[in-house]
Colleague: 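Here it is: the structure, laid out below.
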Amino acid sequence: MKNVRVRFCPSPTGVPHVGNIRTALFNWVWARHNNGTFIFRIEDTDIERDSEESYNLLLEALKWLNIDWDEGVEVGGPDAPYRQSERYNIYKEVVQKLLDAGFAYESFSTPDEIKQRNKENGRPEQFGYDGFDRNTTKEQKATFLKEGRKPVIRIKMPDHDITFTDLIRGKITFKAGSVPDYVIVRGNGHPLYTLVNPVDDALMGVNCVLRGEDILSSTPRQIVLYKYLKDIGVNKNEGDGVPEFGHLPYVMGEGNKKLSKRDPSSNLFLYKDEGFLPDAFTNYLALLGWAIAPDRDIFSVKELIESFDIKDVNPSSARFDYKKALAINSEHIRALKIDDLIKYTIPYLYRDKIISANNFSNLQDGEKLILQKAIPLVQERIQTLSQASSMLEFLFVNSEQLQISDDAKKQLKDDFRSIIDISYKLLENINSWDTDTLHNELFSNLVEKAGFKPKIAFTPLRVAISGKRVSPPLFESMEILGKNETLKRLLKLKEIDV
RNA sequence: GCUCCCAUCGUCUAGCGGCCUAGGACGCCGGCUUCUCAUGCCGGUAACACGGGUUCAAAUCCCGUUGGGAGUACCA
């Protein structure tokens, strides 16, 4: 098998987008599956919109999902630099060669003139450029330059059909004449994406291009350029120099629209902040357009890499379903070993000011102990890591700080004080303070002897202990809090106004 | 307008001519378990867009229609 060389080449604008990152993921997985090379290049030729902040967010995004790269920004490589803003000399040279070979030409027509000509010839406005300047003579050129015109540079498109085999969609043919001669360099000398993307892929020997289907229709013109680049000797790829293409289906948002940058749910960091596990999010992303088996959809990154085949990717677009993503995340959380779950949860608890440090070893001993006992209690109850904060907060405050929610107060029936009384007297005299004893004693006294229904008996205790209507298991929570604190909380509830 | 892509339950998908009275997952609705909430287990709901072919046989192949989407920039 040939050495697969794929790349991810975003332009650093805005915050990392779920659809974009899915593209990065599929490239990365395909590289790893084939023991190939994953290149990370930055396409920052749009001075207006690109930002350094956005670049850093891109790094952070890939780091979060554990997507690493073999060549590219930060790590370097044989084809450095990997930021296009640092490669202008290269492009300048390539353009000159294309011009010399007659594959590209200077075009002096202004947009208005093109529009005007289309109108005069009865062509629709969207027809685009008409090839008018292909044969500009030296004299005409001199006149134009004297007029102060600055030409753009266009690629000469051939007049035959262009066919390629898409890895995901099969054979695709574009009719001759459907793609006009397109601009590769602006009038001000600034190279455009249309040039730099194929040029860098050619120079870096990228032989497999996996990208969103939104650029499917620009593939024919790129194919032409790859061939020209091969002819002028700036294309490392074998054969005619054209890489393989695979156009990934869209990730859709609400309605039938591509998940847009404006849609808040497209922001990758939303999921990080909510506490999606990186592997779980990767799992879900991979499910958008691909399946590991007919009857399974939970898998590890390792399994993904082993099983992934770009040819199995579904060509139709997929909707991002938050609830399904949540369900996948929940399953991953439940499958975690306790120590790992603690490790993953700590940053969120720290962020929410529940605990005092950002990693386990810097925590106070008491906090460590609580976490080790409490995390198993919430493992089956949280769907995201950040949910642990609100669920566990009551274990990290004292009885004075504990808030009793209105929702919890509503659960209290008239006789709750007597239940608290009985419980208090009972618990006061318990010496072995563990879950089983607490359960047995409270159950036999409140339910069996006093005749309360379990739900009636334990609700006031739950409210007293957790301050909430819903909490982790009651007796376990009491054990973690300890006798002293538990009794204080019972007293506190007794004196509350409802 | 022109070019190109897409089409199985509400959603993500399995299916690549017979194993399909279409399988799984999420969601939703019931039930059981139960100290709340979850988990777990059991059950239910629900789809091949339409019309023509090809074939002994079509969700699967071909054509058309309809519907969705993208491109048609001196953005990427």
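Note that the structure is a prediction, hence the values are computed from the model and not measured. Note on naming: letters A, B, ... go to the chains in the order of the sequence lines (proteins, then strands), and numbering restarts at 1 for each one.
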Colleague: Phosphate oxygens OP1/OP2 of B/rU36: is one of them under 4.0 Å from a side-chain N or O of A/Lys455?
Modeller: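 No, outside the criterion.
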Colleague: Can a salt bridge be assigned to the pair A/Glu43 and A/Arg41 using a cut-off of 4.0 Å between side-chain N and carboxylate O?
Modeller: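 Answer for the salt bridge query: yes.
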Colleague: What I want to check is whether an N or O donor and acceptor connect the side chain of A/Arg381 with the base of B/rC37 at under 3.5 Å.
Modeller: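 Flag set: donor-acceptor pair detected.
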Colleague: Round to the nearest Å and state the distance from A/Asp321 atom CG to B/rA25 atom P.
Modeller: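 So the CG-P distance, A/Asp321 to B/rA25, works out to 15 Å.
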Colleague: What is the distance, rounded to the nearest whole Å, between atom CG of A/Leu474 and atom C1' of B/rU34?
Modeller: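 Rounded to the whole Å, the gap is 13 Å.
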Colleague: What nucleotide among B/rA7, B/rU36, B/rC74 has an atom nearest to a side-chain atom of A/Arg154?
Modeller: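 My answer, after comparing the listed nucleotides, is B/rC74.
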Colleague: Would A/Arg221 pass as a cation-pi partner of A/Tyr182, given that its NZ or CZ must be under 6.0 Å from the six-membered ring centre and within 45 degrees of the axis?
Modeller: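 Judged by the rule, A/Arg221 and A/Tyr182 form a cation-pi pair.
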Colleague: So which nucleotide from B/rA38, B/rC74, B/rA76 ends up closest to the side chain of A/Glu43?
Modeller: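 Output: B/rA76.
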Colleague: Ignoring backbone atoms, test whether A/Arg123 places a side-chain nitrogen or oxygen under 4.0 Å from the OP1 or OP2 oxygen of B/rC2.
Modeller: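 Negative; the distance criterion is not met.
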Colleague: Between B/rA70, B/rG24, B/rC4, which nucleotide gets closest to the side-chain atoms of A/Asp295?
Modeller: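 Looking only at side-chain atoms, A/Asp295 lies closest to B/rG24.
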Colleague: Measure from the side-chain heavy atoms of A/Pro473 and tell me the nearest of B/rC75, B/rC5, B/rC35.
Modeller: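 Looking only at side-chain atoms, A/Pro473 lies closest to B/rC35.
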Colleague: Would you indicate, yes or no, if B/rA14 has its OP1 or OP2 atom less than 4.0 angstrom from a side-chain nitrogen or oxygen of A/Asn314?
Modeller: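 For B/rA14, OP1/OP2 do have a side-chain N/O of A/Asn314 under 4.0 Å.
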Colleague: Identify whether the distance between the nearest side-chain nitrogen and carboxylate oxygen of A/Lys156 and A/Asp181 falls below 4.0 Å.
Modeller: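 Here A/Lys156 does not pair with A/Asp181 in a salt bridge, since their nearest N and O are not under 4.0 Å apart.
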Colleague: State whether the distance check finds a donor on one side and an acceptor on the other, under 3.5 Å, for side chain A/Arg462 versus base B/rC35.
Modeller: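 Answer yes: a donor N or O sits under 3.5 Å from an acceptor.
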Colleague: Kindly say whether, by distance alone, the side chain of A/Lys258 makes a donor-acceptor pair under 3.5 Å with the base of B/rA70?
Modeller: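 In this structure, the two groups form no donor-acceptor pair.
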Colleague: Rounded to the nearest angstrom, tell me the gap between atom CZ in A/Phe299 and atom C1' in B/rU13.
Modeller: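 That distance rounds to 11 Å.
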Colleague: Counting only heavy atoms not in A/Lys492, do more than 12 fall under 6.0 Å of its NZ?
Modeller: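 Yes - once you tally the heavy atoms of other residues, nucleotides and ligands closer than 6.0 Å, there are more than 12.
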Colleague: Identify whether the distance between the nearest side-chain nitrogen and carboxylate oxygen of A/Arg7 and A/Asp200 falls below 4.0 Å.
Modeller: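 No.
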Colleague: Under a 3.5 Å cut-off for both distances, is B/rU3 Watson-Crick or wobble paired, and to whom?
Modeller: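 When the pairing criteria are applied, B/rA70 turns out to be the nucleotide that pairs with B/rU3.
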Colleague: Between B/rA76, B/rC5, B/rC75, which nucleotide has the shortest distance from any of its atoms to the side chain of A/Thr45?
Modeller: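 Closest of the options to the side chain of A/Thr45: B/rA76.
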Colleague: For B/rU13 versus B/rC4, give the span between their P atoms, rounded off to a whole number of Å.
Modeller: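 Roughly 25 Å separates the two P atoms.
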Colleague: Which nucleotide sits closest to the side chain of A/Val183: B/rG69, B/rC74, B/rG1?
Modeller: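 Selected nucleotide: B/rC74.
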Colleague: Atom CZ of A/Phe127 to atom C1' of B/rA73: distance rounded to whole Å?
Modeller: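 Rounded to the whole Å, the gap is 16 Å.
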Colleague: When the C1' atoms of B/rG27 and B/rU34 are considered, how many whole Å apart are they?
Modeller: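 24 Å, rounded to whole Å.
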Colleague: Take atom C1' in B/rC9 and the same atom in B/rC48, then report the distance between them in whole Å.
Modeller: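 Pairwise C1' distance, B/rC9 against B/rC48, rounds to 10 Å.
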Colleague: Does any nucleotide pair with B/rA25 by Watson-Crick or G-U wobble geometry, both distances under 3.5 Å, and what is it?
Modeller: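 Looking at the geometry, B/rA25 pairs with B/rU11.
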Colleague: Would you mind telling me which of B/rA7, B/rC26, B/rA14 lies closest to the side-chain atoms of A/Lys324?
Modeller: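 Taking heavy atoms from C-beta onward, the closest nucleotide is B/rC26.
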Colleague: Give none if B/rA38 has no partner; otherwise give the nucleotide forming a Watson-Crick or G-U wobble pair with it, both distances under 3.5 Å.
Modeller: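 B/rA38 is unpaired by these criteria.
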Colleague: Looking at A/Asp133 and A/Arg154, is there a salt bridge between them, counting it only when a charged N and a carboxylate O are closer than 4.0 Å?
Modeller: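 Looking at A/Asp133 together with A/Arg154, the answer is no, because their closest N to O distance does not fall below 4.0 Å.
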Colleague: Using both distances under 3.5 Å as the test, list the Watson-Crick or G-U wobble partner of B/rA46, or none.
Modeller: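 WC or wobble partner does not exist here.
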Colleague: Quick one: A/Glu331 CD to B/rA25 P, roughly how many Å, whole number?
Modeller: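 That distance rounds to 10 Å.
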Colleague: Which of these nucleotides, B/rC74, B/rA38, B/rC28, is closest to any side-chain atom of A/Glu380?
Modeller: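 Nearest listed nucleotide: B/rA38.
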Colleague: Quick one: look up who B/rU54 pairs with, Watson-Crick or G-U, both distances under 3.5 Å, and put none if it's unpaired.
Modeller: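 By the stated definition (distances under 3.5 Å), nothing pairs with B/rU54.
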Colleague: Give me the distance, rounded to whole Å, that separates B/rC28 from B/rU11 when you measure between the C1' atoms they each carry.
Modeller: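 It works out to 12 Å between them.
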Colleague: B/rU13, OP1 or OP2 - any side-chain N/O from A/Arg319 closer than 4.0 Å?
Modeller: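 A/Arg319 to B/rU13 OP1/OP2: no side-chain N or O under 4.0 Å.
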Colleague: Identify which nucleotide among B/rA76, B/rC4, B/rG1 has an atom closest to any side-chain atom of A/Ile172, counting heavy atoms from C-beta outward.
Modeller: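 So the side chain of A/Ile172 is nearest to B/rC4.
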Colleague: May I ask which nucleotide in the shown strands pairs with B/rC75, Watson-Crick or G-U wobble, both distances under 3.5 Å?
Modeller: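 Looking at the geometry, B/rC75 pairs with no nucleotide.
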Colleague: With A/Arg123 as the cation and A/Phe127 as the aromatic partner, state whether NZ or CZ is under 6.0 Å from the six-membered ring centre and within 45° of the axis.
Modeller: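 The answer is yes, since A/Arg123 meets both limits relative to A/Phe127.
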